[in-house]
Amino acid sequence: MPSLNERLIDIREQIHQAAERVGRDPATVRLVAVSKAQSIEAMRAAIAGGQTCFGENYAHELRAKASALQGHPVEWHFVGHLQRNKVKDVVPHAAWIHTIDSVALAQAIAAKAVQLIHCCIEVNLAGESTKHGVAPEAIAPLAAAIAKLPVIRLEGLMCIPPAATDPEASRPYFRQLATLGRALHLQELSMGMTNDFQIAIEEGATMVRIGTAIFGERYP
Ligand SMILES: *Cc1c(COP(=O)(O)O)cnc(C)c1O
């Protein structure tokens, strides 16, 4: 089995190739290593392999890991559903929050943050009741509300397409998110996971959130 470092090198190469296939500069794609349910040792190995951006889904886990990895050059991305009462655990550490889905959440973040926090609005493109995120028509009003807030800056949109075995099934969703982002002049698109990140990059992803392909399977 390849080492974590070898997997990282392989993923970077795949990111590079996907970008070049569509004439994009590979440097415009950020790799967010989703380390939820993975150990501090595995994260240290990724850091040793040059990885700096890490994504976490749970506020308490982000807080504990930020404390364990203090002093390491880590840029934390919060990619899970964020409850307002957990905002205080996330804002001291997160450079990015990918999952803004209400004005109330954005306000809670702005009220607690002391440093600039880059944000994305999570969009529920397929209207799945099991997923968080706003409907496409709710993006513009939410973006306008965020623009009035201090300390947080809206950078882009994020989505998780419906689960599918064929990565091509994600393509129409990625394309739709890119169209919605362009309409609002937003630069960032957080889309693409282990199974479909190459398709996401072909459709314009600037942040891919990859867990399993880097760290292996997650165990609860
Ligand atoms: C778990 C998770 C990922 C990573 O998923 P993999 O399939 O393991 O790459 C990406 N984004 C979000 C929001 C997640 O919850």
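Both ligands and their constituent atoms are indexed starting at 1 by order of listing.
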A.B. asks: Checking H72 now: which residues fulfil ring-ring contact (aromatic ring centres under 6.0 Å, His included) with it, not counting sequence neighbours?
C.D. replies: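 So H72 forms no ring-ring contact (aromatic ring centres under 6.0 Å, His included) with any residue.
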A.B. asks: Please list all pairs passing the ring pair (Phe, Tyr, Trp, His ring centres under 6.0 Å) test where one or both residues lie in residues 108-128, with sequence neighbours left out.
C.D. replies: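 Non-adjacent pairs meeting ring pair (Phe, Tyr, Trp, His ring centres under 6.0 Å): W96-H118.
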A.B. asks: How long is the gap from NE2 on H132 to CG on L82, to the nearest 0.5 Å?
C.D. replies: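 Between H132 NE2 and L82 CG, I get 10.5 Å after rounding to 0.5 Å.
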A.B. asks: Evaluate the criterion salt bridge (charged side-chain N to carboxylate O under 4.0 Å, His left out) for residue pair R63 and E61; output intermediate values, then yes/no.
C.D. replies: CA-CA 5 Å; R63 194 179 66 171; E61 190 175 351; over 6 Å; no
A.B. asks: Test: salt bridge (charged side-chain N to carboxylate O under 4.0 Å, His left out). Region: residues 183-197. Which pairs qualify, not counting sequence neighbours?
C.D. replies: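 Sorted pair list: R30-E188.
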A.B. asks: Might you point out which heavy atoms bring R12 and G50 nearest each other, and give the distance in Å?
C.D. replies: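 That would be NH2-C, 3.7 Å.
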A.B. asks: Show the protein residues that qualify under the rule heavy atom under 4.0 Å from an atom of ligand 1, listing them in chain and number order.
C.D. replies: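 Residues V34, K36, N57, V79, M158, I160, M193, T194, R209, I210, G211, T212, R218 each place a heavy atom under 4.0 Å from ligand 1, listed by chain and number.
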